[in-house]
2 protein chains.
Amino acid sequence: MGPVNSTTRRGRPRKGELRLSRNAILAAALEVVDAEGVAAVSMRTVAARLEVDAKSLYHHIDGKEGLLDAIAGEVIGRIEVPEQTGEPAEDLRAIAQAFRRAARAHPQAASLVLTRQLPGPASLVPAEAVLSVLRKAGAEPAEAVHLLRSLLAVVVGSLLREANAEPAFGVGDEDGIADRRADLERTGLPSIVELAPELARCDHEAEFGFAVELAIAAVLARLSRR
Amino acid sequence: MGPVNSTTRRGRPRKGELRLSRNAILAAALEVVDAEGVAAVSMRTVAARLEVDAKSLYHHIDGKEGLLDAIAGEVIGRIEVPEQTGEPAEDLRAIAQAFRRAARAHPQAASLVLTRQLPGPASLVPAEAVLSVLRKAGAEPAEAVHLLRSLLAVVVGSLLREANAEPAFGVGDEDGIADRRADLERTGLPSIVELAPELARCDHEAEFGFAVELAIAAVLARLSRR
DNA sequence: ACCTGAACACCGTTCAAGT
DNA sequence: ACCTGAACACCGTTCAAGT
């Protein structure tokens, strides 16, 4: 159908109207994601936000799959890699936190970002930073790549848990925590039951920090053991 | 439409016909996933495989979202946790490998499994095993939960990369590797260019092993430093 | 208790026709 | 060069009607 006003027409827009562009589409798509989640992204909803027909998008992006890839690239492309200090632990930590900040800027998009082919061009900038730190810290070439991939796995795995967790899993919500705890205790699995109080809650920021510190310690121990 | 034979009818099946069941639906859904990928799963395709109308599925499962959750649970529920040996490193390694084996049994389902709310009931058995090992190795209660979550992040992050990588990224395919290498060199990012030969290829099994060993070393170092 | 026909409100995508 | 009408082949889901 398209816009319902009486001046609906075909062909290119009358002069003065904003032209459709890849950037405008991406911005609109990100708005949909932030407002209603990835599931609400469709060619039609995105186009509607631009007051344009869904089919028009095909002139600027490569179908829906291409749109989702582009959204992921957009989010990951906004990682602001901090300047290096020369202190490896500090630098690696800062890059990991920058990654998390970018993911948390669009919480609803996080699973999209983490789930798509990550080593796309957009993620090469943070990868470059990590590799540079590792090489300066004394890692061999092949070793640096293994360590990069290990660090990336920790970051991605941690952020994915955070993205998938129900919103209330974090702070407050003592009721939800009590419910989960009761569920865990009902399993009868001894360690699960014993640790139910700890398992029923999750401070995502602290958990991310813990995993990253553990990984960094492992990396540095490995590099200094030489 | 349903089956096109001339005896189409409504109501419950004539006696002798197999009844629809949650298990039958899950099995059919897993067949679709293995044969054509998660994207090919729809109420209609799954129902067609059972020669049943799509709407019939609603009597046994909670809509499409419920179906996807159930598939993920099914795959993860098949993790065969090995018996403990008392050697923490060996036991943790074995659990991680069991996790990978389950994921690789249904490669097309992997991203589904890793992406959904993981701490569902199905994943509690492997979690119990990890926690038990950690506690025996001397971890404090809260610490054991942090370490479990860190280990899970490494495993999930690694398997997610493996699942998302294009099939050819692994072995052979020297052409694809050469292409990727050329792409990486064109970025001009110094460390990326220097390490392009290593970055262009990825032995998933070795990479998984490396990340897991690094994580286990970190865990044990932390627990023995006391 | 279980299955389906009719129906609804959505999808992504192609392609020819318009300006 | 860019946009859309018409059209197609799909979706998930509700609900009343059948046995």
Side-chain angles (χ1 to χ4, degrees), chain A residues 1-26 28-29 32-33 35-72 112 116, chain B residues 1-26 28-29 32-33 35-72 112 116:
Chain A
M1 240 180 307
V4 208
N5 62 39
S6 54
T7 60
T8 299
R9 64 338 45 158
R10 346 169 122 198
R12 71 143 101 90
R14 11 176 173 51
K15 61 184 161 191
E17 264 181 51
L18 265 52
R19 277 265 272 59
L20 201 49
S21 71
R22 189 185 156 86
N23 270 349
I25 294 173
L26 251 46
V32 174
V33 171
E36 313 182 60
V38 201
V41 173
S42 77
M43 302 302 273
R44 286 163 154 94
T45 54
V46 171
R49 205 165 272 254
L50 297 164
E51 297 193 287
V52 139
D53 190 281
K55 298 181 254 45
S56 301
L57 306 186
Y58 286 83
H59 291 279
H60 303 90
I61 53 152
D62 186 18
K64 178 157 186 193
E65 240 11 55
L67 177 58
L68 294 178
D69 282 338
I71 296 173
L112 195 64
R116 312 239 129 201
Chain B
M1 236 178 311
V4 209
N5 62 39
S6 56
T7 59
T8 301
R9 31 79 298 216
R10 343 174 122 198
R12 71 141 102 87
R14 7 178 175 49
K15 59 185 162 190
E17 265 182 51
L18 264 53
R19 276 265 272 63
L20 201 49
S21 72
R22 189 185 155 86
N23 270 347
I25 294 174
L26 251 44
V32 174
V33 171
E36 311 182 61
V38 201
V41 174
S42 77
M43 302 302 273
R44 286 163 155 94
T45 54
V46 172
R49 204 164 272 254
L50 296 164
E51 298 193 289
V52 139
D53 190 280
K55 298 179 254 51
S56 302
L57 306 186
Y58 286 83
H59 291 278
H60 303 89
I61 52 151
D62 186 17
K64 176 155 186 194
E65 242 6 60
L67 177 58
L68 295 178
D69 283 338
I71 297 173
L112 195 65
R116 312 239 127 200

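Chain A is the first sequence line, chain B the second, and so forth, proteins listed ahead of strands; every chain is numbered from 1.
Take Thr45(A) and apply the side chain to side chain donor-acceptor pair (under 3.5 Å) test, not counting sequence neighbours, and it matches Ser42(A). Take Glu65(B) and apply the side chain to side chain donor-acceptor pair (under 3.5 Å) test, not counting sequence neighbours, and it matches Arg116(B). Remark: Lys55(B) engages Asp53(B) in a salt bridge (charged side-chain N to carboxylate O under 4.0 Å, His left out) (not counting sequence neighbours). Residues satisfying the side chain to side chain contact (heavy atoms under 4.5 Å, CB included) criterion with Leu26(A), sequence neighbours excluded, are Leu67(A), Ala70(A), Glu74(A). For the side chain to side chain contact (heavy atoms under 4.5 Å, CB included) test, residues two or more places apart in sequence or in another chain that qualify with Ala40(B) are Val32(B), Glu36(B). A search for side chain to side chain contact (heavy atoms under 4.5 Å, CB included) contacts involving Ala48(A) returns nothing, not counting sequence neighbours. For Arg49(B), the side chain to side chain donor-acceptor pair (under 3.5 Å) partners at least two apart in sequence or on another chain are Glu31(B).
Distances from the side chain of Leu20(A) to the nucleotides dC11(C), dC3(C), dC3(D) place dC3(D) closest.
Applying a 4.0 Å cut-off to non-hydrogen atoms, the residues of residues 56-67 of chain B that approach DNA chain D are Tyr58(B), Gly63(B), Lys64(B), listed by residue number.
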Dot-bracket assigned to DNA chain D with the 3.5 Å Watson-Crick/G-U criterion, [ ] for crossing and | for other-strand pairs, is ||.|||||...|||||.||

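Mapping Arg44(B) and Met43(A) onto DNA chain C by nearest heavy atom places Arg44(B) closer to the 5' end of the strand.
Nucleic acid contact class of Ser21(B) (heavy atoms, under 4.0 Å, all strands): none.
The residue from Val33(B), Val41(B), Ile61(B) that alone fulfils the side-chain contact (heavy atoms from CB on, under 4.5 Å) condition with Leu68(B) is Val41(B).
Not a single donor-acceptor pair, N or O on each side, falls under 3.5 Å between the base of dG12(D) and the side chain of Lys55(B).
Spacing between atom CD of Glu51(B) and atom P of dC3(C) amounts to 14 Å, rounded to whole angstrom units.
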